[in-house]
Amino acid sequence: MIGQLARSGDPVKVWLKTEVDTGWRKIPTLLADIKGDIEPEKFVLFSSHIDSWHYGAMDNASANAALLETARILMSQPMPLRRTLRLAFWSGHSHGRYSGSAYYCDSHWEELHEHCLLHVYADSLGGKGAQILGESNCMAETRDYGGSFVETLTGEAFIGKRFGRGGDQSFWGPGIPALFMGLSEQPQTDDAASRTLVKLFGGIKSGGFGWWWHTVEDTLDKLDPENLRRDCQIYVSLIYDACTRKVMALNHAAGAAEISAALEAYALTAGQQLDLSKALERAGKLQALGAQLNKLADRKDWQDGEAKKFNQAMLAIAHELIPLSYVSGDLFEQDLAVNLPAVPLLKDIWRLSETKPGSPEAFEWQTLLKRRLNKVEFALLKAIRIAESLIE
């Protein structure tokens, strides 16, 4: 009835009542391990969410199918894994705002920090008309690695885009490198859904997951079998490589460059009221060291023992840089589900810039921000020391 009135072109008034239930619930978290042979304690976390809006054929049944297919292929072939693959299916994604993955992080923080080498996420795969794969979420550290699979298997150039606090990205406090969220998206169009989704997700060519996303229309006819096969091939190739390669591919030069760019912008905003020169110098030094580490990682003669030590040291650098780039507060807390700028510890510098120099308000903000800047400088120093010990 409402649809008929709306199509008539005449103004329509609608009265809507909603009830919000914020009670506590038990929710399922489904986990499965495919054990590695050489270093089974180390693992790659491959996850998706199982709760859906309405039927949820694309969001998120298609991604869950990709996880199961990846596991089936790896289990059915004589391809032993070096390290463990941990599959996780979260609930609480939408109705709990990532409560399932956040609770898992709370319950396994130390194990994740010590042993998880990479978190790969899958969401809303194989959509009809989903032809844009070059703008999937990634960290600066994982962009080249993840992009290599997209470019090899599809021919599309990969530029990636920075993660927001969405898609069960609950593992930045432990400093885990992350890669992908919704791998394939629709091209941008002029319709309202595309414009809205671009504002939500960002992107240059990508226009979100389709007008049916998060509606009752997310049914099987919105899936393209060939697109789902393509997306699954990328995940299978990536997951197998991540679980078998001797040396993990982390580009800390790119991570340091992202931090450096953020610091330069903050320094411009702060002007003379806060000195960021030490942090900028350290970020630049770490970028140069990261370039040397990239060359080391390309060696072909790694022995098992030294490869394991190298990976652990590279992960230790990630434990400094990733929280620095993505976490606004304590490493053991979870930030709100909003997008944050790089180095969010310093995101309030604009408040200092609006104070009168020498005023009580200026002194208060200078004190607070200097303490946060100390955290930034010290994290960079620790990362530099690890990098220098590796190169030496």
Side-chain angles (χ1 to χ4, degrees), residues 42 44-45 83 116-121 133-153 156-163 169 171-172 174-181 183 234-235 237-239 241-264 280 282-300 302 306-327 341-343 376 379-391:
K42 299 299 181 185
V44 172
L45 178 62
R83 53 190 64 91
C116 186
L117 298 175
L118 180 67
H119 175 215
V120 182
Y121 196 75
L133 292 94
E135 298 181 28
S136 183
N137 295 96
C138 60
M139 292 180 171
E141 291 85 348
T142 61
R143 182 187 298 115
D144 292 345
Y145 180 55
S148 67
F149 293 92
V150 173
E151 293 177 1
T152 298
L153 292 171
E156 181 179 350
F158 188 83
I159 57 174
K161 58 188 172 189
R162 179 180 166 84
F163 278 109
Q169 296 302 316
F171 308 105
W172 297 339
I176 297 173
L179 182 59
F180 295 158
M181 196 156 57
L183 178 61
I234 293 171
Y235 276 106
S237 301
L238 167 69
I239 292 298
D241 184 83
C243 288
T244 56
R245 61 166 42 238
K246 280 190 176 180
V247 171
M248 296 298 293
L250 292 176
N251 187 347
H252 289 312
E258 182 178 53
I259 290 171
S260 183
L263 293 173
E264 289 176 357
L280 279 164
R282 288 179 177 175
K285 183 175 183 179
L286 189 58
Q287 188 174 348
L289 291 169
Q292 295 182 59
L293 292 175
N294 288 343
K295 293 180 180 179
L296 272 180
D298 287 338
R299 278 177 45 195
K300 306 300 182 184
W302 286 101
E306 61 177 0
K308 188 173 182 178
K309 290 180 180 179
F310 185 83
N311 287 335
Q312 194 63 38
M314 292 289 279
L315 189 61
I317 296 174
H319 291 163
E320 301 298 333
L321 297 191
I322 289 171
L324 188 59
S325 188
Y326 280 92
V327 178
V343 196
V376 173
L380 291 170
L381 177 61
K382 287 189 287 183
I384 286 170
R385 287 172 173 169
I386 299 168
E388 287 179 334
S389 67
L390 270 179
I391 292 169

Q.
Holding to salt bridge (Lys or Arg N to Asp or Glu O under 4.0 Å), I want the full list of residues that pass it with K382, two or more places apart in sequence or in another chain.
A. E320
Q: Taking the side chain as every heavy atom from C-beta outward, state whether P177 and L117 have any pair of such atoms under 4.5 Å apart.
A: no
Q.
Nearest 0.5 angstrom please: W302 CH2 to R245 CZ, how far?
A. 12.0 Å
Q: Hey, could you give me the CD/CD1 distance between E264 and I259, rounded to the nearest 0.5 Å?
A: 12.5 Å
**Q.** Any donor-acceptor pair under 3.5 Å from T142 side chain to A178 backbone
**A.** yes
Q. Backbone N or O of C116 within a donor-acceptor pair of the R83 side chain at under 3.5 Å?
A. no
Q) Would you call the rings of Y235 and F180 parallel, tilted or perpendicular if under 30° counts as parallel and over 60° as perpendicular? A) perpendicular
Q | Heavy atoms from other residues, nucleotides or ligands near CZ of R299 exceed 12 (cutoff 6.0 Å) | A | yes
Q. Partners of E388 by salt bridge (Lys or Arg N to Asp or Glu O under 4.0 Å), sequence neighbours excluded?
A. K285
Q. Just how far is it from atom CG of L315 to atom CG of N311, taken to the nearest 0.5 Å?
A. 8.5 Å
Q) Under 3.5 Å, is there a donor-acceptor pair between the side chain of K246 and the main chain of A307? A) no
Q | Minimal non-hydrogen separation, A283 against L263, with atom names | A | CB-CD1, 4.1 Å
Q. Under 3.5 Å, side chain of Y326 to main-chain N/O of G175, donor-acceptor pair present?
A. no
Q.
Between L296 and V247, is there a side-chain heavy-atom distance shorter than 4.5 Å?
A. no
Q) Between G160 and C138, what is the shortest heavy-atom contact and its length? A) CA-SG, 3.8 Å
Q.
In the structure I gave you, are the side-chain heavy atoms of R385 and S389 within less than 4.5 Å of one another anywhere?
A. no
Q. How long is the gap from CG on L380 to CD1 on I317, to the nearest 0.5 Å?
A. 11.5 Å
Q. Would you call Y145 and N251 a side-chain contact if the rule is heavy atoms closer than 4.5 Å?
A. no
Q | Heavy-atom closest pair, residues I234 and F149 | A | CG2-CB, 4.3 Å
Q: Nearest 0.5 Å please: distance from the CG atom of L179 over to the CZ atom of F163.
A: 6.5 Å
Q) Out of curiosity, I239 CD1 to L45 CG, how far, rounded to the nearest 0.5 Å? A) 9.0 Å
Q) Within a strict 4.5 Å, meaning less than it, do heavy atoms of the H252 and L286 side chains meet? A) no
Q: Measure from the side-chain N and O atoms of E135 to the backbone N and O of K161, and report whether any donor-acceptor pair falls under 3.5 Å.
A: no
Q) Checking S136 side chain against L133 main chain: does a donor-acceptor pair fall under 3.5 Å? A) no
(Q) I'd like to check I322 versus I176 (side-chain heavy atoms, cut-off strictly below 4.5 Å). Are they in contact? (A) no
**Q.** With E258 via salt bridge (Lys or Arg N to Asp or Glu O under 4.0 Å) - residues at least two apart
**A.** R162
